[in-house]
Structures are given as C-alpha cells and as structure tokens.
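Here is the structure we will look at.
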Amino acid sequence: MSTPTKPFMLYTLATPNGVPVSAFLEELKAIDSSVDYDYETINISTNRQKEPWFLKMNPNGRIPVLIDRKRNDFAVFESSAILIYLAQFYDKDLKYSFDPAKDPNDYSEMLQWIFFAHGGIGPMQGQSNHFNNYAPEDIPYGKKRYLDETKRLYGVLQLRLEDRDYLAGPGKGKYSIADIKTWGWVRSHKHAKVESLDPWPGVKAWLERIEERDAVKAGVKIGGW
C-alpha cells in the first residue's frame, strides 16, 4: 500500500454537515496548490462512524472528521470547528476569513453567523427533515414545530441578506466560512419541506451566488451517496 502524500484526510458524506468542509477545501486548493486531500465516504446507514477506529478520531461518532497529516495527524471534528481550523492554519491571506486582531468586529460577526447556523439552522432543519421524512410515526406537532422554526431562521437570514451579498464583513460583505457553513444547510431546504426560497429573496440570491462558484460545485461531489 502506498504512503499517503496528500496533506489532509477527510472522512465525510455529502450531507449538510459534510459538504461545507469539502467545498472549503476546494476553495483553498484553488488558491494554494499545496492544499490537497484524500477522502473516504462514510456510509452512515451501516454505522461505520460508530466503529472504534472512527470513535478514536471523533468520540461523538459523526461526520465529518479531518486529519491534518502536516500537523502530526491532528484530528478535527464538527464541521464549524474544521472550517475555523482550516482558516486559521491554511488561509494565510484571509481570503475566506478575517484577522481577529486587525478586524475584530468582522471576525466576531463571522463567528456569530457560524454559530447561528451550527446551533440554530442545523439542528432545527435537521429535526424538520427527520420528522417529515424519517420518523417511524406521524407526529404533526413535531413536523410543524421544526418546519416553522426553520422558516423563522430563514427569516433571520433574510434580514441580514436583504441588502448584502454575504453574511459577514463590511459593506455588502465578504464571502467567508460563515457563508460556507450556512450554505450547507440552506441548499438542502427542500429535504426539510421548505419547498421554495421565494419568501426570502435575499437568501435565494445568496444561495444562487454561492452555488455558482467552481469550488462549491466540486465540493458537493465529494462523499456522494
């Protein structure tokens, strides 16, 4: 068996949590030829992510997990943590992030929107997806509660994006890991029974803007079912 030569190993699946990491890796590859990665698609339906070898990397048994071979095989789990880690160590020109010392407000805004997506949109939309598509029994209260909350959170995004291109940064904003994180969930809105983004035109335009990027198009192909 040949020795791995690419600096990163990504364990992933093309889910709302998986695609932001592969998309960001593709963005970094586009500006730095030294950034490249191997990946393994983890079939969560077989509980491969619960096997001992995986739990050593992520005790929570969830994808994605990134192994940084350039830093003694350091393991990072949770999609938001991986994005922040990659920006910290490999986005040296801050193309997709902000300088916490020189631009502390922009940096804080970026983190705020990352955490908004990680702690708000992700869990609520994930529950809407579950109750509407996978729950073993029909629970109208659960279906309505999580769908309504997902829509409310999209309304929060609309308030931010109605006169901006991106979530963080001065003026119209700058495309950053806050957008990459949030996009991963919003692109899957139909799975959560949010059939259209027409009620939130700023969000719809923002999503279309991101999906036009070549790196994003490449990233969504990683870890396909």
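What you see is a predicted model; the values in this text were computed from it and never measured. Basis for what follows: all heavy atoms, side chains included, without hydrogens, waters or symmetry-related copies.
- Ring geometry for His189 against Tyr154 counts as perpendicular: the plane angle is over 60°, on a 0 to 90° scale with 30° as the lower cut.
- Of the residues Phe24, Tyr37, Tyr90, the one that meets the ring pair (Phe, Tyr, Trp, His ring centres under 6.0 Å) test with Phe8 is Tyr90.
- A donor atom on one side chain and an acceptor atom on the other are found under 3.5 Å apart for Asp32 and Ser34.
- Here the side chains of Val21 and Ile222 are not in contact, with every heavy-atom distance at 4.5 Å or above.
- Under the 4.5 Å side-chain criterion, counting only non-hydrogen atoms from C-beta, Glu149 is not in contact with Lys144.
- Asp103 places no side-chain N or O within donor-acceptor distance of the main-chain N or O of Tyr107, the cut-off being under 3.5 Å.
- Within 6.0 Å of the CG atom in Asn60, the count of heavy atoms belonging to other residues, nucleotides or ligands exceeds 12.
- Atom CG of Leu28 is separated from atom CG of Asp36 by 11.5 Å, given to the nearest 0.5 angstrom.
- Looking at Phe77 and Arg62, their side chains never come closer than 4.5 Å, going by heavy atoms from C-beta outward.
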Worksheet item: Can you check side-chain hydrogen bond (donor to acceptor under 3.5 Å, both in side chains) on Tyr85 and Asp68, steps first, answer last?
Response: CA-CA 10 Å; Tyr85 175 88; Asp68 188 345; 2.6 Å; yes
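- With contacts defined as side-chain heavy-atom distances shorter than 4.5 Å, the pair Trp206/Asp179 qualifies.
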Worksheet item: Stepwise, does the side-chain hydrogen bond (donor to acceptor under 3.5 Å, both in side chains) test hold for Glu211 with Trp183?
Response: CA-CA 9 Å; Glu211 300 229 300; Trp183 153 84; 2.9 Å; yes
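- Ionic pairing of Lys190 and Glu195 is not present here: no N-O contact between side-chain nitrogen and carboxylate oxygen is shorter than 4.0 angstrom.
- Salt bridge present: Asp138 and Lys143 bring a charged side-chain N and a carboxylate O closer than 4.0 Å.
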Item to complete: Mind running side-chain hydrogen bond (donor to acceptor under 3.5 Å, both in side chains) on Tyr146 and Gln125 for me, showing each step along the way?
Response: CA-CA 7 Å; Tyr146 291 111; Gln125 186 170 323; over 6 Å; no
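- Remark: Arg48 fails to qualify as a cation-pi partner of Phe54 under the 6.0 Å distance and 45° angle criteria applied to the six-membered ring.
- Using a 4.0 Å cut-off between a side-chain N of Lys or Arg and a carboxylate O of Asp or Glu, Lys221 and Glu26 do not qualify as a salt bridge.
- Between Ile82 and Val65, every side-chain heavy-atom pair lies at or beyond the 4.5 Å cut-off.
- The closest side-chain heavy-atom distance from Pro64 to Ser79 is below 4.5 Å.
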Practice prompt. Show your reasoning for whether side-chain hydrogen bond (donor to acceptor under 3.5 Å, both in side chains) applies to Thr15 and Asn17.
Written response: CA-CA 5 Å; Thr15 67; Asn17 284 322; 5.2 Å; no
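- In this structure, Asn43 and Gln49 have side chains that are not in contact, with every pair of non-hydrogen atoms separated by 4.5 Å or more.
- Shown here is Asp73, whose CG atom has more than 12 heavy atoms of other residues, nucleotides or ligands within 6.0 Å.
- Note that CG of Leu94 is 11.0 Å distant from CD of Gln88, once rounded to the nearest 0.5 Å.
- Looking at Asp38 and Arg69, a side-chain N of the basic residue comes within less than 4.0 Å of a carboxylate O on the acidic one, giving a salt bridge.
- The structure places CD of Glu78 at 10.0 Å from CD1 of Ile63, a figure rounded to the nearest 0.5 Å.
- Across Gly202 and Gln158, no two heavy atoms sit closer than the pair N-OE1, 2.8 Å.
- Looking only at side-chain heavy atoms (C-beta outward), Lys172 and Tyr166 stay at 4.5 Å or farther from each other.
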